[in-house]
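Heads up: the structure comes next, in structure tokens.
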Amino acid sequence: MVLGTPRGADGSPEHALEHASARAGARAPILSVESLSLSLRGTPLVEDVSFTVAPGEMLGLVGESGCGKSVTALSVMGLLPTPPIAVSGGRVLFEGRDLARLPQSEMRRLRGREIGMIFQEPMTSLNPVFTVGSQIAEPIRIHEGLSEKAALARAADLLDRVGLPNPKAQLARYPHQLSGGQRQRVMIAIALACSPKLLIADEPTTALDVTVQAQILALVDGLRRDMGLACLLITHDLGVVAEICDRVCVMYAGRIVEAGTIEAALGAPRHRYTRALVDTIPSSNPPGRPLPSIPGNVPPPGARPAGCAFAERCGAALDRCRSEPPPWESDGARAFACWNPA
Ligand SMILES: Nc1ncnc2c1ncn2[C@@H]1O[C@H](COP(=O)(O)OP(=O)(O)O)[C@@H](O)[C@H]1O
Ligand SMILES: [Mg+2]
């Protein structure tokens, strides 16, 4: 389940969070991000971001480029460059454990075994001088102590599972011998090598053509269903989120502005930013006409206006939107922070 800054209609953060968690069922979340704030040399990058992901759940994190999605994900993985970036508030819990309090060695173990991550650019994440087989087998050997031979057998299984034909032969190949889609499948195989409980996919298909994109997403969705994997899917593609996610968090300029079920948050958005994003989905537009885009740009960190950060690009902004931060409202299916909701 998900919630933006968890502040209920009665003003109490816990009230809104509990209310919305109950809807997601009784499963305890694997990942809880609680009021996370990140800053770059004192300038806020991410402010007061909260969400949870439960086993078997796929949470979408959407927003235009520069909204803080990747730094949020990297913070969960403990992979932020600190300094210059610092956690200025909040915390990240994995199975109830505060990641900031874990020793480095335990964090490395979590990253290898419990949390898998797929990045946007498979070419920059794969090592060009090692074979596909050795790159998949390495985490298995390190974290599960399997022999080289057993780890390579598992690697072939994984390649089969992610849909690479002739998996045994693929083990001996190098990344440059694969297509973009094949490399992304290898990345997924590496992320899944030690059967993680949580998968973080940061724009996993942006570099791929549409057909391969659909195949990769179907693959991740299937793994989630078969293995009960909890999944955080980061993308700027709302169509994808609407299709495969259970819930969504919409981020704008470092903050969550709307969060809830797909039906509520994307089907009938209340925040004007979510509304504007939904209006840019190809399927919500008649074919043949140019897609609308949101005029203007996301304000960079350090230049975020007072009040609602979206006000300067919003067709429905009131005077108050430019001066006062909007309060949170929740209707059970979603929460949002907008002075003049759609
Ligand atoms: N390593 C870094 N050092 C300095 N600034 C960064 C770093 N990573 C991200 N940022 C800044 O943080 C903001 C959010 O970036 P990012 O999380 O990459 O956004 P998104 O993934 O939503 O496109 C951007 O303004 C970006 O320039
Ligand atoms: Mg990003």
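In listed order, ligands and their atoms are each counted from 1. The analysis underlying the following values was restricted to heavy atoms, covering all of them including side chains, and did not include hydrogens, waters or symmetry mates.
Side chain of E106 to backbone of P103: no donor-acceptor contact under 3.5 angstrom is found. Remark: side-chain polar atoms of S330 are paired, donor with acceptor, to backbone N or O of G332 under 3.5 angstrom.
Relative orientation of the Y174 and H176 rings is parallel, given thresholds of 30° and 60° on the angle between their planes.
R185 and Q182 form no side-chain donor-acceptor contact under 3.5 Å, judged by distance and modelled atom types alone.
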Extract all donor-acceptor atom pairs below 3.5 Å that involve side chains of residues 81-92 and protein atoms in other chains or at least two apart in sequence.
{"residue": "S88", "atom": "OG", "partner": "S37", "partner atom": "O", "Å": "3.3"}
{"residue": "R91", "atom": "NE", "partner": "E34", "partner atom": "OE1", "Å": "2.8"}
{"residue": "R91", "atom": "NH2", "partner": "E34", "partner atom": "OE1", "Å": "3.1"}

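The immediate protein surroundings of ligand 1, defined as residues with any heavy atom under 4.0 Å of it, consist of L40, L45, E64, S65, G66, C67, G68, K69, S70, V71, P81, I85, P301.
Among the backbone and side-chain atoms of S70, an N/O/S atom is found under 2.8 Å from the Mg ion (ligand 2).
Contact between A253 and P299 at its shortest, heavy atoms only, is CB-CG, 4.3 Å.
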